[in-house]
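Below: one structure, written as structure tokens.
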Amino acid sequence: MPELPEVETVRRGLEPVLVGTPITQVRVGEKRLRLPYPENFAARLAGRTVESLARQGKFLIAMLDSQEALIIHLGMSGSFLVLGGAEAHGTGNGAAARHTHVVFHLVDGTEIRYADPRRFGLMTLASAAGLASHPLLARMGPEPLGNEFNAGHLGAALAGRRTSLKAALLDQHVVAGLGNIYVSEALHAAGLAPTREAASLGAGKRQGAAACEKLAAAVREVLLSAIAAGGSSLRDHARTDGTLGYFQHSFKVYGRGGEPCRRAGCPGTIKRLIQNGRSSFYCPRCQH
DNA sequence: ACACGGACCTGAAGGC
DNA sequence: TGCCTTCAGGTCCGTG
């Protein structure tokens with residue numbers, strides 16, 4: 001479930017229950033995630049309090065009262081579930097329990113479960129002082145909802161790149177937080193084809209600056225709408241209370257191959273193609 | 001430096 | 001019923 005809007009939805013769900021309430025115990029499953037857990041992972045979290053919960057791109061960053069930060073990525077299939085004291089009984093034994101890898105117990109009886117069937121997610125610890133230079137975060141591009149992300153940045157980041165616009169926007173060094181769904185949606189909103197060469201929007205190209213303006217605005221608009229809808233729920237719930245986000249009902253192109261374009265007045269049909277091994281969806285009629 | 005294919009995992013869905 | 005293939009919201013590594 002996790003591109004920027006889903007991760008932000010998770011952050012907003014966890015923040016009120018997790019921040020300020022001490023962690024009493026952390027239990028970790030047998031199988032590792034994308035990275036091995038750090039030394040004494042559970043012990044370094046027990047007794048700690050999360051002081052703030054931030055998001056950077058698709059990462060969640062929990063600052064602890066121990067001068068350490070817990071870095072979390074949800075990979076392809078990671079999700080959190082918050083259970084109040086009364087619900088937090090029994091481990092369950094269904095598919096969800098089989099894929100629950102980390103459980104945080106809080107002092108007020110709240111239980112926070114991290115499940116991740118494919119185990120492409122990760123949790124690790126870093127010193128607060130070294131957080132910005134951590135290898136997972138150091139070279140990440142700007143936040144698409146922040147001031148650093150604008151047409152000027154896009155023009156500079158795309159200049160000279162011979163790959164497709166689709167592949168360039170999936171690159172977390174160009175802009176942080178976009179994934180396969182929102183790249184397709186943003187390109188449609190901007191009227192730009194995913195197959196277009198990234199360099200054609202680069203600094204100095206004719207019409208490049210105008211296209212970058214449209215693209216930056218489209219990225220922002222799509223992400224804000226998705227966050228307002230609680231993210232998209234495809235194969236998993238998006239929210240920490242187990243309920244669904246509903247932005248998937250607003251998709252203009254993603255997953256809509258063969259269906260009519262939803263741009264007002266456009267008679268086109270959405271096409272699916274594979275780029276760098278991943279599906280792209282676009283309208284050949286209104287995206288150029 | 002960049003670009004690309006494959007690898008890492010599990011599960012669901014569809015065809016035969 | 002079962003077996004096979006394809007696909008899935010991500011990213012990292014090795015190879016040109």
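Quick note on labels: first sequence line is chain A, next is B, and so on, each numbered from 1.
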Handout entry: Expected output: side-chain R139(A) to main-chain H173(A) donor-acceptor under 3.5 Å
Key =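 Between the backbone of H173(A) and the side chain of R139(A) there is no qualifying donor-acceptor contact (under 3.5 Å).
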
Handout entry: Check: T9(A) main-chain N/O paired with R55(A) side-chain donor or acceptor under 3.5 Å
Key =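 Checking the backbone N and O of T9(A) against the side chain of R55(A), no donor-acceptor pair under 3.5 Å is found.
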
Respond yes when some side-chain nitrogen or oxygen of [X] is under 4.0 Å from OP1 or OP2 of [N], and no when none is.
X	N	answer
R98(A)	dG11(B)	yes
R118(A)	dG11(B)	no
H73(A)	dT11(C)	yes
S77(A)	dC9(B)	no

Exercise for the section: Measure the distance between the ring centre of F120(A) and the centre of the six-membered base ring of dC8(B), then answer whether it is under 5.5 Å with planes under 30°. Expected result: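 Per 5.5 Å and 30° rule: yes, stacked.
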
Among [options], which is the nearest nucleotide to the side chain of [X]?
X	options	value
H99(A)	dT11(C), dG10(C), dG11(B)	dG11(B)
R161(A)	dA3(B), dG11(B), dC9(B)	dA3(B)
E3(A)	dC4(B), dA8(C), dG10(C)	dG10(C)
Q172(A)	dA3(B), dT11(C), dG10(C)	dT11(C)
K58(A)	dG11(B), dT11(C), dC9(B)	dT11(C)
N180(A)	dG11(B), dA8(C), dG10(C)	dG10(C)
R272(A)	dA3(B), dG11(B), dC7(C)	dC7(C)

Whole angstroms only, please: what is the [atom1]-[atom2] distance between [X] and [N]?
X	N	atom1	atom2	answer
L234(A)	dA12(B)	CG	P	15 Å
F281(A)	dA8(C)	CZ	P	6 Å
N276(A)	dG10(C)	CG	C1'	14 Å
M140(A)	dG10(C)	CE	P	14 Å
D236(A)	dT10(B)	CG	C1'	12 Å
R119(A)	dG11(B)	CZ	C1'	13 Å
L33(A)	dG10(C)	CG	P	17 Å
L136(A)	dG10(C)	CG	C1'	13 Å

Problem - Gap in Å between the two P atoms, one belonging to dG14(C) and one to dC9(B), rounded - result: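 dG14(C) and dC9(B) have their P atoms separated by 15 Å.
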
Problem - Nearest-Å distance once atom P is located in both dG6(B) and dT5(C) - result: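 Between the two P atoms, the distance is 16 Å.
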
Handout entry: Gap between atom OG1 of T240(A) and atom CG of L83(A) - 0.5 Å precision
Key =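 With rounding to 0.5 Å, CG (L83(A)) is 10.0 Å from OG1 (T240(A)).
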
Exercise for the section: Could you pick out which residue, P135(A) or I274(A), lies toward the 5' side of DNA chain C when each is mapped onto its nearest nucleotide? Expected result: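 Its nearest nucleotide lies further toward 5', so the answer is I274(A).
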
Practice task
Just do the side chain to side chain donor-acceptor pair (under 3.5 Å) check on Y182(A) and S232(A) with the steps written out, would you?
Solution key: CA-CA 10 Å; Y182(A) 297 105; S232(A) 302; 2.7 Å; yes

Practice task
Could you check which nucleotide pairs with dC9(B) in any of the strands shown, counting Watson-Crick or G-U wobble with both distances under 3.5 Å?
Solution key: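 No nucleotide pairs with dC9(B).
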
Practice task
Give me the one residue out of L70(A), V50(A), T21(A) that meets side-chain contact (heavy atoms from CB on, under 4.5 Å) with F104(A).
Solution key: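 Single side-chain contact (heavy atoms from CB on, under 4.5 Å) partner of F104(A) among L70(A), V50(A), T21(A): L70(A).
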
Practice task
Would you kindly compare G277(A) and R139(A) by the position of their nearest DNA chain B nucleotide and give the one closer to the 5′ end?
Solution key: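 Here R139(A) is the residue nearer the 5' end.
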
Exercise for the section: Can you see which heavy atom on A198(A) is nearest to which on L158(A), and at what distance? Expected result: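 Looking at all heavy atoms of both residues, the shortest contact is O-CB, 3.6 Å.
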
